[in-house]
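In what follows, a single structure is set out as structure tokens and then discussed.
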Amino acid sequence: MLEGSSWNADRAQEIVNEHLGLEGPMLPILHALQEEFGYVGAEAAPLIAHTLNLSRAEVYGVITFYHDFRHEPAGRHILKLCRGEACQSMGSEELARDLLAKLGIDWHGRTQDGELTVEPVYCLGLCASSPAALLDGEPIARLDAATLGEAIDEARGL
Ligand code: FES
């Protein structure tokens, strides 16, 4: 299923059950839930905790420890902005800080219009063209505030 379908407790339980035979099923379950629904929300923790016989705190701990998991549905477009060393040395942190402030969101956040989610990544293999990012899976590189803004506006059809 495509990312971003709305949460469905029955389907979520099916997904959890499908992974019960695995050793260490928690991370595969969380990835599968995110793939199905586009995020791993607070609703997932009690369900997983109950099925795996863990405390909710343990499950929350895992969900919040890993940066891979979104905690709310993703925006229509996803920007993965590189925070790796090469990109940092070319100003990616400042670029990110200004962009997030302009959009009024934090990492993993979604703009109010539901259009854009911004996530960190740590090296895209595009170090020679840093700062780099993926916008809806497409690499964009040698970014500055203007080119990044233009790419986002174009994706959003602005
Ligand atoms: S550090 Fe950003 S692409 Fe390698």
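Atoms within a ligand are numbered from 1 in the order they appear, just like the ligands themselves.
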| query | Is the shortest side-chain N to carboxylate O distance from Arg156 to Asp113 below 4.0 Å? | reply |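 Looking at Asp113 together with Arg156, the answer is yes, because their closest N to O distance falls below 4.0 Å.
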
| request: Using a strict 4.0 Å threshold on nitrogen-to-oxygen distance, state whether Arg70 and Glu35 make a salt bridge. | output: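 No.
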
| query | For Val118 and Leu116, which heavy atoms make the closest approach, and how far apart are they? | reply |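 The answer is CG2-CD2, 4.1 Å.
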
| task | Taking all heavy atoms of Leu95 and all of Ala145, pick out the closest pair and write down the distance. | result |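 Taking Leu95 first and Ala145 second, the nearest heavy atoms are CD1-N, 3.3 Å.
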
Would you mind listing which atoms of ligand 1 come within a distance below 4.0 Å of any non-hydrogen atom of [X]?
| X | result |
| --- | --- |
| Gly84 | 1 (S) |
| Leu126 | 3 (S) |
| Ala86 | 1 (S) |
| Cys82 | 1 (S), 2 (Fe), 3 (S) |

| query | From Cys87, does some N, O or S atom reach closer than 2.8 Å to atom 2 (Fe) of ligand 1? | reply |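 Yes, since at least one N, O or S atom of Cys87 sits under 2.8 Å from atom 2 (Fe) of ligand 1.
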
| N/O/S atom of Cys123 inside 2.8 Å of atom 2 (Fe) of ligand 1, strictly under |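 Coordinating: no.
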
| said: Let's go through His108 and Phe69 carefully: what are the C-alpha distance in whole Å and the side-chain angles of both, what is the deciding distance for ring-ring contact (aromatic ring centres under 6.0 Å, His included) to 0.1 Å, and is it a yes or a no? | reply: CA-CA 9 Å; His108 298 284; Phe69 302 118; 9.7 Å; no

| query | So which heavy atom in the protein is nearest atom 4 (Fe) of ligand 1, and how far is it from that ligand atom? | reply |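 Going by distance alone, atom 4 (Fe) of ligand 1 is nearest to Cys127 SG, 2.3 Å.
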
| message | Would you say Thr147 and Glu150 are linked by a side-chain donor-acceptor pair, where the criterion is simply a distance under 3.5 Å? | response |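 Result is no, nothing qualifies.
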
